[in-house]
Protein chains: 2
Amino acid sequence: MRGLHADTGYLLYRLGLRSGQLFNGFLQESGLRLRHYALLRFLATAEGALQRELSARLGYDPSAIVGLVDDLERAGFVERRPSPDDRRSRIVVLTDDGRTFLRNTDEAGLRVTNDLVQPLDPAERETLHALLLRIAEPGLA
Amino acid sequence: MRGLHADTGYLLYRLGLRSGQLFNGFLQESGLRLRHYALLRFLATAEGALQRELSARLGYDPSAIVGLVDDLERAGFVERRPSPDDRRSRIVVLTDDGRTFLRNTDEAGLRVTNDLVQPLDPAERETLHALLLRIAEPGLA
DNA sequence: GACAATAATTGTCGACGTCAATAGTTGTTG
DNA sequence: CAACAACTATTGACGTCGACAATTATTGTC
């Protein structure tokens, strides 16, 4: 009979939970949660995105995006702008405050990850990251 | 500005979510969820455990254990037996039906994991598993 | 111009984690 | 040995989260 940790998928599930808890812990003081942070991070590379794009790329339901953008707009980190092409759509863009927030929390986020992978030496961390990336985005190969 | 997938911790979080969804998908027909499955798997190696041990080892709140054991007992996969040492405690043991269920779902679980790590060749899967194991249980080194 | 498709939004529902409170039992200590 | 602290399982409450249906406003199509 196979044990609990004999399964890579189950290990991923458990480590994912722990990682999420650590992230939420460090975000606690800012009043945001991991999902807000992920959205901000995505916007930082995208220079503005429609909400349906956020939904597709982050894997959250469109109805979840609404609440997240609401919270971030209230915090002053993003803005909803009308799309010139389609009056149904809103373009969500990072504000200067949002950009500053990301800069300030950058090293804290790194510390969380370092905490997580602490048992590994730098080369192993690199290996792990590369393997996870291939699983996460098979297209990039 | 760092992108979303530059962070190993965030990758773990996202892959953990995906892994959990895949597992819950394959468990759907049995009426159980990932948490039940994890509990059964743990019992398979432990030959009976107190509920507080389940709570500690699986990382679930004691109150969550109650419901999980209720469900599994109703399904006939586990039994609660009185502890001879301490009348407060209950010993949860796997029934024959539970053991059979685990045997029957074993290869389905493996298929889920194979699906997940599909982009990797066998040697890489081995490497990934070993690295994850070191993070999950630093004590085992 | 009727009608299907789409974007954002609202509301609902079940699952889940955390925490406080309780009943029954055990250990401790004065 | 009697009072009291600690522990085990359980119940209940509360907020979060993810999945889904329904609605409104707008766009595309035939």
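In what follows, every heavy atom counts, from backbone to side chain, and hydrogens, waters and symmetry copies are set aside. If you're wondering where the values come from, they're calculated on a predicted model, not measured in any experiment. Sequence lines set the chain letters: A, B, ... in the order given, protein chains first and strands last, and positions in each chain run from 1.
Here the two rings, on A:Tyr37 and A:Phe26, have centers that are under 6.0 Å apart.
One can place CG of B:Leu68 at 15 Å from C1' of D:dT11, the figure rounded to the nearest angstrom. Taking atom OH of residue B:Tyr60 and atom P of nucleotide C:dC19, one finds them 17 Å apart after rounding to whole Å. To the nearest angstrom, P of C:dA15 lies 14 Å from OH of A:Tyr13. Distance, B:Glu53 CD to D:dA9 P: 9 Å, rounded to whole Å. For the pair A:Arg90 CZ and D:dT27 P, the computed distance is 12 Å after rounding to whole Å. Residue B:Asn24 contributes atom CG, which lies 11 Å from atom C1' of C:dC16 at whole-angstrom precision. Rounded to a whole Å, the CZ atom of B:Arg33 is 12 Å from the C1' atom of D:dC17. In this structure, B:Asp71 places its CG atom 13 Å from C1' of C:dG14, rounding to the nearest Å.
The number of heavy atoms from other shown groups lying within 6.0 Å of CG (A:Asp96) does not exceed 12.
Judged by atom type and distance alone, A:Ser63 reaches the base of D:dC20 through a side-chain donor-acceptor pair under 3.5 Å. With hydrogens and angles ignored, a donor-acceptor pair under 3.5 angstrom links the side chain of A:Arg88 to the base of D:dT26.
If you find the closest nucleotide of DNA chain C to A:Leu50 and to A:Gln21, the one lying nearer the 5' end belongs to A:Leu50. Place B:Gly59 and A:Asp86 on DNA chain C by their nearest nucleotides, and A:Asp86 ends up nearer the 5' end. When the nearest nucleotides of DNA chain D are assigned to B:Leu17 and B:Asp70 by heavy-atom distance, the more 5′-ward of the two goes with B:Asp70. Along DNA chain D, the nucleotide closest to B:Ile91 and the one closest to A:Arg87 are compared, and the more 5′ of them pairs with B:Ile91.
Checking C:dT18, D:dA9, C:dT9 against every side-chain atom of A:Arg80, the shortest atom distance belongs to C:dT9.
Side chain to side chain, A:Ser63 and A:Asp61 meet the donor-acceptor criterion of an N or O pair below 3.5 Å.
The pair A:Arg74-A:Asp71 meets the salt-bridge criterion, since a charged nitrogen lies less than 4.0 angstrom from a carboxylate oxygen.
For the atom pair A:Ile65 CD1 and A:Leu50 CG, the distance stands at 11.5 Å (nearest 0.5 Å).
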